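See structure below.
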There are 2 protein chains.
Amino acid sequence: MASPDDPAPTRPRPATIWDVAHAAGVSVGTVSKALNGRGQLRAETREAVRTTAARLGFRPNDLAQSLLRKRSFTIGLISTDRYGRFSIPVLEGIEDALEAARISVFLCSASDDPARERQHIDSLLAKRVDGIIVTGRRTDARTAIDLGGASVPVLYAFAQVADPAAPYLLPDDFGGASLAGEHLIGLGRTCIAHVTGPERFEAVRQRRDGLRQALEAHGLAWRRERVLSGSWSEAWGHAAVTKLLARRPGIDAIACGSDQIARGVVDALRERGVRVPDDVAIVGFDNWEIIAAATRPPLTTIDMNLKHLGREAGMRMLAMIDGDIAAGVVRLGCQLVVRESCGAARAGRVAS
Amino acid sequence: MASPDDPAPTRPRPATIWDVAHAAGVSVGTVSKALNGRGQLRAETREAVRTTAARLGFRPNDLAQSLLRKRSFTIGLISTDRYGRFSIPVLEGIEDALEAARISVFLCSASDDPARERQHIDSLLAKRVDGIIVTGRRTDARTAIDLGGASVPVLYAFAQVADPAAPYLLPDDFGGASLAGEHLIGLGRTCIAHVTGPERFEAVRQRRDGLRQALEAHGLAWRRERVLSGSWSEAWGHAAVTKLLARRPGIDAIACGSDQIARGVVDALRERGVRVPDDVAIVGFDNWEIIAAATRPPLTTIDMNLKHLGREAGMRMLAMIDGDIAAGVVRLGCQLVVRESCGAARAGRVAS
DNA sequence: GGCGCAACGGAAAAGGTTTTCCTCTGGGTT
DNA sequence: AACCCAGAGGAAAACCTTTTCCGTTGCGCC
């Protein structure tokens, strides 16, 4: 096991600036200038140093540079839920945005274990990261991470936080659900039900309200008994259909709280001989390709643009590192992705 | 935008060891000794330093430590496929194993773009990572990553590499498929088909051969026409059933190359009134919870123990950092996870 | 009372890089 | 011929921590 006490094994050391200077017969300062295009150097000196450095495979030691610059050019990414379907695109987006600034990402999966989270944060602070992004949605706002007095910018992406002074980015669940509602209404559906996840999730409440707003904006009544809250599973979608059809046979559309739920709903309807979309139109939420595309018919659904959210998070983090201060929530738009479960012409993506 | 040329914005600097020494009225060397339990110090000196350090929120700068130790206590993780279902558990396992050694992980998603991969590797080498783990399966063996002369241990986890001198870890696809076959045979099935992914995947060939071996070991004939290669999708599983039933009505079990395929197969069978598992038993591969558990009936399937594979990768990386040299492939066992699609008593996990 | 030894803690080097400041050389000017 | 200046590159400090090597102090002992 490697532990901080072990010495490094004997391994050919990477070339240092000193090695280059020695080989090229100049001083270390000159090498630095030659390689970085600084100072007053003859062209041939510069060139000689360059070729020597290349020959030796010299690569400046970022650790030393960071020590000097007081910037490590790294950030920490803490994911509080285990990496799942949602964190991945966010993460990709973040990397995308940060790559341009040549910033690397430390990954920490803290899976809701406070002790582990503490340890990760300690480690990140010791490594002098330039910033920390926290991601991973939960039912409720999480507590702000404890920096122990350190002064490092922290951004919450696809995560909610109780601290009003903290900046955080979330998808516009309300708007997304609205979009779904508008789509159904635009297709002539009037008797719309809502099968969704556990009410304790803020996203569930937002989506419910967004849908409601769309309906009411078009003069359609909002009925409590057409809203069924359960779990985030296919099984719940399946079960909900039974309840729904027993209560309300006149339903002509169901807006679902997630694609998984939607798939359960679609399967259940098909089994009962209810045609989708002819008899009942279905719209999902998440655009989780693996589910949405495999459903028969493929799901029209709402995409939260998580990669874009990640990219935005990266950009904002960059700004914060440069001294910007930000606070409060920013909600980023969702998009409707049209497939076949609503019967609309397949028009690709419609901007929100 | 942050760029290497920008100065750090004015932000309260973290306390240094000098600040602590100054505040405590001792020298920096003494502070170091007090905090690290080295040297000969009076107990009260030690205590005084400790409280001062705590008061100032002092946290040793890992960058400076790494410079001195010539070990950065970081590793790079390069994923060549976009982070998907498979990389995540591997990654968790790696983190798990490395956490004990207080090693942090740099995440790089190179999504098969060689230029981007190059840039990532450069960046990792500049940061003096102690090692690099490459993950992300592809159809064929990938080329070894190019370290440009640097001497850093590299391990491939859930990835194949053309270089015979490189160490890599893979799940035992052959053994896993064998396990699936044994299970079906043990339940009395004798006419077993195989619906799987594209033949160009080495995993597909391994699994096919593993299944074959199990059948032949029990004196069952292996028939080419009962093997259907297609894509990794549910749709293919669905389509394959049509072909299969037309050709071979006597089938009493289908071993599938993935859970997605299996789900397509199960759905297709149900639609045709074929009962699962009564008429035909189905076994999947992957144990992708979200698919396997939602299938009706839930899939009996093979788990590749990817988290364990990741943990193993972490352990081996630790050994390599300490000077161990390793080469060649190591295959890690799979497990059978019994649910309901084969009709066996639900006995939980059976070790391989 | 002088000596030696143990206990304690300070000084300084090392690690690799950048940057500022300084020195040296040579050419041009008066 | 003396001087100045620019051009070129070297020396050293700074970043922060650890560790080795010493120096100092106080005590016990002869």
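None of these values were measured; they are calculated from a predicted model. Below, read A as the first sequence line, B as the second, and so on, with proteins coming before strands; counting in each chain starts at 1.
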Test log, rule side chain to side chain contact (heavy atoms under 4.5 Å, CB included), inputs I75(A) and F106(A) = CA-CA 6 Å; I75(A) 69 136; F106(A) 278 119; over 6 Å; no
Classify the nucleic acid contact of R46(A) as base, sugar-phosphate or nothing, counting any heavy atom under 4.0 Å across all strands shown.
-> nothing
Which part of the nucleic acid, if any, lies within reach of V26(A) when heavy atoms closer than 4.0 Å are counted: base, sugar-phosphate only, or nothing?
-> sugar-phosphate
Charged N-O contact under 4.0 Å between [X] and [Y]:
X: R102(B); Y: D62(B); answer: no
X: E99(A); Y: R311(A); answer: no
X: E312(B); Y: K307(B); answer: no

Pairwise 5' ranking along DNA chain C for N61(A) and K33(A), keeping only the more 5' one = N61(A)
To the nearest Å, give me how far apart [atom1] ([X]) and [atom2] ([N]) are.
X: W18(A); N: dT18(C); atom1: CH2; atom2: P; answer: 17 Å
X: I17(A); N: dA11(D); atom1: CD1; atom2: P; answer: 14 Å
X: L35(A); N: dG9(D); atom1: CG; atom2: C1'; answer: 15 Å
X: R69(A); N: dC16(D); atom1: CZ; atom2: P; answer: 15 Å
X: R71(B); N: dT18(D); atom1: CZ; atom2: C1'; answer: 16 Å
X: R38(A); N: dC21(C); atom1: CZ; atom2: P; answer: 15 Å
X: E44(B); N: dC8(C); atom1: CD; atom2: P; answer: 8 Å
X: L56(B); N: dT17(D); atom1: CG; atom2: P; answer: 12 Å

Of the nucleotides [options], which one has an atom closest to the side chain of [X]?
X: L68(B); options: dG9(C), dT18(D), dT17(C); answer: dT18(D)
X: T45(B); options: dT17(C), dG9(C), dT18(D); answer: dG9(C)
X: S32(B); options: dA14(D), dT18(D), dT19(C); answer: dT18(D)
X: Q40(A); options: dA8(D), dG9(C), dC16(D); answer: dA8(D)
X: V28(B); options: dC16(D), dT19(C), dT18(D); answer: dT18(D)
X: T16(A); options: dT18(D), dG16(C), dG10(D); answer: dG16(C)

Can a donor-acceptor pair under 3.5 Å be found between the side-chain atoms of K70(B) and the base atoms of dG16(C)?
-> no
Hey, which of these two, R13(B) or R42(A), hits DNA chain D nearer its 5' end, going by closest nucleotide?
-> R42(A)
Is the shortest side-chain N/O distance from S27(A) to OP1 or OP2 of dG9(D) below 4.0 Å?
-> no
Under 4.0 Å: is that the gap between some side-chain N or O of Q65(A) and OP1 or OP2 of dG16(C)?
-> no
Option among R118(B), H120(B), Q119(B) that satisfies the side chain to side chain donor-acceptor pair (under 3.5 Å) test with D122(B) | R118(B)
So do the side chains of R59(A) and P14(A) get within less than 4.5 Å of each other, counting heavy atoms only?
-> no
